[in-house]
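All values derive from a computational prediction rather than experimental measurement.
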Amino acid sequence: MADTDLFFSRTGMDRGKVQETLDGALAGADDGELFLEYSQSESFAFDDGRLKAATFDTSQGFGLRSVAGEATGYAHATELSEDAIARAARTVRAVSAGHSGTVAAGPARSNVKLYTDLDPLQTAGFEKKVKLLEEINAYARGKDSRVHQVSASLSGEWQHVEIMRAGGEHYTDTRPLVRINVQVVVEQNGRQESGSYGGGGRSGYDTYVDPAYWRAAVDEALRQALANLESVPAPAGEMTVVLGPGWPGILLHEAIGHGLEGDFNRKKTSAFAGLLGERVAAPGVTVVDDGTMDGRRGSLSIDDEGTPTSRTVLIEDGILKGYMQDRQNARLMGMKPTGNGRRQSYSSSVMPRMTNTYMLGGKADPKEILESVKNGIYAVNFGGGQVDITNGKFVFSCTEAYKIENGKLGAAIKGATLIGSGPECLTRVSMVGNDMKLDTGVGTCGKNGQSVPVGVGQPTIRLDGLTVGGTAAG
């Protein structure tokens with residue numbers, strides 16, 4: 001439903017009166033907007049051979065923001081009415097009291113559309129979605145007698161937003177998002193191990209109900225589980241680590257990406273603050289944030305301030321080139337917004353956030369990278385982790401990793417954690433593969449209590465001298 005006047009046709013509000021209220025609320029401010037949101041979401045969870053949960057939710061509301069210097073006034077409500085917006089206007093007007101700013105010009109307009117504006121929830125019926133989960137369960141259990149448990153989930157959402165600015169400018173976007181997850185637990189001789197696969201993007205369900213897709217997803221989850229079934233205790237100590245392509249880019253996202261967001265650098269709480277133009281990584285390391293990729297989970301046609309997303313080069317051949325910016329931090333730093341102003345929903349204020357963040361490929365053959373390592377580990381999948389954004393120090397758990405012995409892959413290992421500093425890791429990249437790959441579409445990023453969908457990616461890379469936590473002697 002791509003109704004460009006959805007909020008006013010649904011609520012009966014008068015656009016002219018709302019605009020007049022908004023103009024008054026932002027008088028004397030440097031920036032600000034009225035963010036209107038209407039969304040629908042659903043989710044299905046299948047476990048123990050039956051449908052365990054099916055939910056549907058509709059949400060709507062607005063957020064009104066006024067920015068004066070470094071101060072921000074923000075008010076939000078679920079009630080979409082002229083009275084509610086007027087009450088919010090009286091609240092946020094206080095932030096610009098005595099401030100003599102002039103509201104900044106609105107973002108440049110773009111005709112780019114990176115995804116369909118059709119409601120993905122309508123691209124498959126209820127019965128078809130449940131049948132998909134049943135077929136996943138049956139297929140997984142039929143693949144191997146050691147399969148002990150199968151869990152599968154499917155979710156989708158449809159979000160329509162309108163961003164109104166002082167003076168009458170307004171911007172709209174309709175955003176689909178779907179995701180599928182499969183987890184398989186296998187058991188042998190009393191030992192249980194698991195493997196998982198997830199995928200998604202800004203589209204309908206069509207791709208995911210295709211048997212070719214979901215069977216491959218089950219096969220991958222089962223492959224991981226069976227590999228972990230043969231795993232041995234992970235070694236410990238400082239060693240060479242090879243990171244596989246795709247999802248291992250989550251380490252890059254967490255340990256490095258957050259430190260390249262504008263707010264942390266403006267406040268000088270990032271390890272990268274004040275280092276523009278300086279070498280922060282090994283030669284050959286180029287990192288970009290790109291919100292302009294068709295259909296990707298982290299992509300947006302416009303950000304939550306109305307700015308078109310962009311391909312922002314953060315690090316080029318090891319040199320720090322830029323930061324990810326929303327409008328407020330860009331203005332205060334004398335830079336241009338990059339289309340990274342994002343919020344979880346109407347009830348959240350804008351912050352600079354990543355979209356799809358990845359390292360570009362290099363020239364090395366992945367096989368050559370593995371053969372160059374005498375003793376180390378090869379990590380291809382990660383679970384949870386912790387990061388200190390101020391210094392980039394991290395601890396990440398590997399959910400799938402292998403020993404490297406004399407240039408060849410050895411046994412799968414269990415219980416490995418990677419410990420280090422993101423900025424320091426960048427300087428220890430000694431080989432960059434030519435196999436850059438994006439993740440399958442499952443990333444969710446948290447910051448200051450807000451979660452947004454993101455993408456990550458990287459090629460195979462070799463890191464020299466990374467600390468590995470394990471349970472076996474190094």
Side-chain angles (χ1 to χ4, degrees), residues 1-3 6 10 36-47 50-61 113-137 150-162 172-183 196-218 221 291 293-302 304 342-348 355-356 438-446 450-456:
M1 180 167 48
D3 184 353
L6 180 145
R10 286 178 59 88
L36 303 163
E37 177 187 0
Y38 177 83
S39 64
Q40 293 182 325
S41 62
E42 66 179 8
S43 65
F44 302 83
F46 196 92
D47 196 12
R50 63 182 185 274
L51 186 67
K52 283 290 186 71
T55 65
F56 180 85
D57 182 64
T58 297
S59 175
Q60 68 176 26
K113 290 187 68 66
L114 302 176
Y115 30 78
T116 176
D117 56 11
L118 293 175
D119 180 353
L121 279 59
Q122 304 303 317
T123 59
F126 179 87
E127 295 80 6
K128 193 170 187 177
K129 296 163 189 170
V130 175
K131 182 182 178 184
L132 166 64
L133 299 177
E134 292 172 340
E135 289 176 333
I136 287 174
N137 177 68
V150 180
S151 301
S153 63
L154 188 67
S155 62
E157 66 179 73
W158 175 88
Q159 179 196 45
H160 182 78
V161 304
E162 178 171 345
T172 61
D173 196 19
T174 302
R175 303 163 176 171
L177 189 67
V178 299
R179 177 169 169 171
I180 186 171
N181 282 83
V182 178
Q183 183 179 51
S196 63
Y197 179 89
R202 294 198 179 277
S203 66
Y205 286 120
D206 308 51
T207 297
Y208 310 98
V209 299
D210 183 341
Y213 182 94
W214 62 257
R215 285 174 183 162
V218 172
M293 310 172 79
D294 284 0
R296 296 297 305 180
R297 181 173 170 84
S299 295
L300 293 169
S301 297
I302 58 173
D304 292 326
R342 305 188 64 185
R343 63 181 99 205
Q344 179 174 308
S345 73
Y346 66 87
S347 63
S348 311
T355 56
N356 304 298
L438 295 169
D439 76 291
T440 54
V442 296
T444 299
C445 174
Q450 294 189 41
S451 296
V452 296
V454 296
V456 301

Checklist entry - Does a donor on one side chain sit under 3.5 Å from an acceptor on the other, for D173 and Y115? => result yes
Checklist entry - If we ignore angles and hydrogens, is there a donor and acceptor under 3.5 Å between the side chains of S39 and R175? => result no
Next on the checklist: Is there a side chain to side chain donor-acceptor pair (under 3.5 Å) between E37 and Q159? Walk through the geometry before answering.
Outcome noted: CA-CA 7 Å; E37 177 187 0; Q159 179 196 45; 3.1 Å; yes
Next on the checklist: S203 vs T116, test: side chain to side chain contact (heavy atoms under 4.5 Å, CB included). Steps then yes/no.
Outcome noted: CA-CA 7 Å; S203 66; T116 176; 5.5 Å; no
Checklist entry - Looking only at heavy atoms, what is the nearest atom pair of P120 and V178, with distance? => result CB-CG1, 3.9 Å
Checklist outcome for this item: What one should report as the nearest heavy-atom pair of L51 and A45 is CD1-O, 3.5 Å
Checklist outcome for this item: On a heavy-atom basis, the closest approach of V182 and A221 is O-CB, 4.0 Å
Checklist outcome for this item: Note: Y205 and S155 closest approach over all heavy atoms is OH-C, 3.4 Å
Checklist entry - Less than 4.5 Å apart, any side-chain heavy atom of W214 and any of L132? => result yes
Checklist entry - If you round to the nearest 0.5 Å, how far is CH2 of W158 from OG1 of T58? => result 9.5 Å
Item to check | Charged N-O contact under 4.0 Å between D439 and R296 | outcome: yes
Item to check | Distance (rounded to the nearest 0.5 Å) between Y208 OH and I180 CD1 | outcome: 8.5 Å
Checklist outcome for this item: When rounded to the nearest 0.5 Å, the distance separating CG of D304 from CZ of R342 is 7.0 Å
Item to check | Full working for side chain to side chain contact (heavy atoms under 4.5 Å, CB included) between F46 and N137 | outcome: CA-CA 8 Å; F46 196 92; N137 177 68; 3.5 Å; yes
Item to check | Contacts of K128 that satisfy salt bridge (Lys or Arg N to Asp or Glu O under 4.0 Å) - sequence neighbours left out | outcome: none
Next on the checklist: Tell me if a side-chain donor or acceptor on Q450 pairs with a main-chain N or O of Q344 at a distance below 3.5 Å.
Outcome noted: yes
Checklist entry - Would you call V454 and T355 a side-chain contact if the rule is heavy atoms closer than 4.5 Å? => result no
Checklist entry - Does any donor atom in the side chain of T444 or S451 lie under 3.5 Å from an acceptor atom in the other side chain? => result no
Next on the checklist: I'd like to know if the side chain of Y213 and the backbone of D206 have a donor-acceptor N/O pair within less than 3.5 Å.
Outcome noted: no
Next on the checklist: Going by side chain to side chain contact (heavy atoms under 4.5 Å, CB included), name the residues that satisfy it together with E157, two or more places apart in sequence or in a different chain.
Outcome noted: S41, L177
Next on the checklist: Does either side chain, that of N356 or that of S299, offer a donor lying less than 3.5 Å from an acceptor on the other one?
Outcome noted: yes
Checklist entry - Which is it for L114 and L300 under the side chain to side chain contact (heavy atoms under 4.5 Å, CB included) test, yes or no, and what are the steps along the way? => result CA-CA 7 Å; L114 302 176; L300 293 169; 5.8 Å; no
Item to check | Atom pair OG1/CZ of T440 and R179 - distance to nearest 0.5 Å | outcome: 8.5 Å
Checklist outcome for this item: Between S151 and D47, the two heavy atoms sitting closest are OG-OD1, 2.9 Å
Checklist entry - What is the distance from atom CG of L118 to atom CG of L121, rounded to the nearest 0.5 Å? => result 12.0 Å
Next on the checklist: Which residues pass the ring pair (Phe, Tyr, Trp, His ring centres under 6.0 Å) test with F44, not counting sequence neighbours?
Outcome noted: F126
Checklist entry - Do R202 side-chain atoms and D294 backbone N/O form a donor-acceptor pair below 3.5 Å? => result no
Checklist entry - So, does T172 use its side chain to make a donor-acceptor pair with the main chain of E162 at under 3.5 Å? => result no
Checklist entry - Any chance NZ of K131 has more than 12 other-residue heavy atoms, nucleotides or ligands included, within less than 6.0 Å? => result no
Item to check | Separation of Y346 OH from Q60 CD (nearest 0.5 Å) | outcome: 8.0 Å
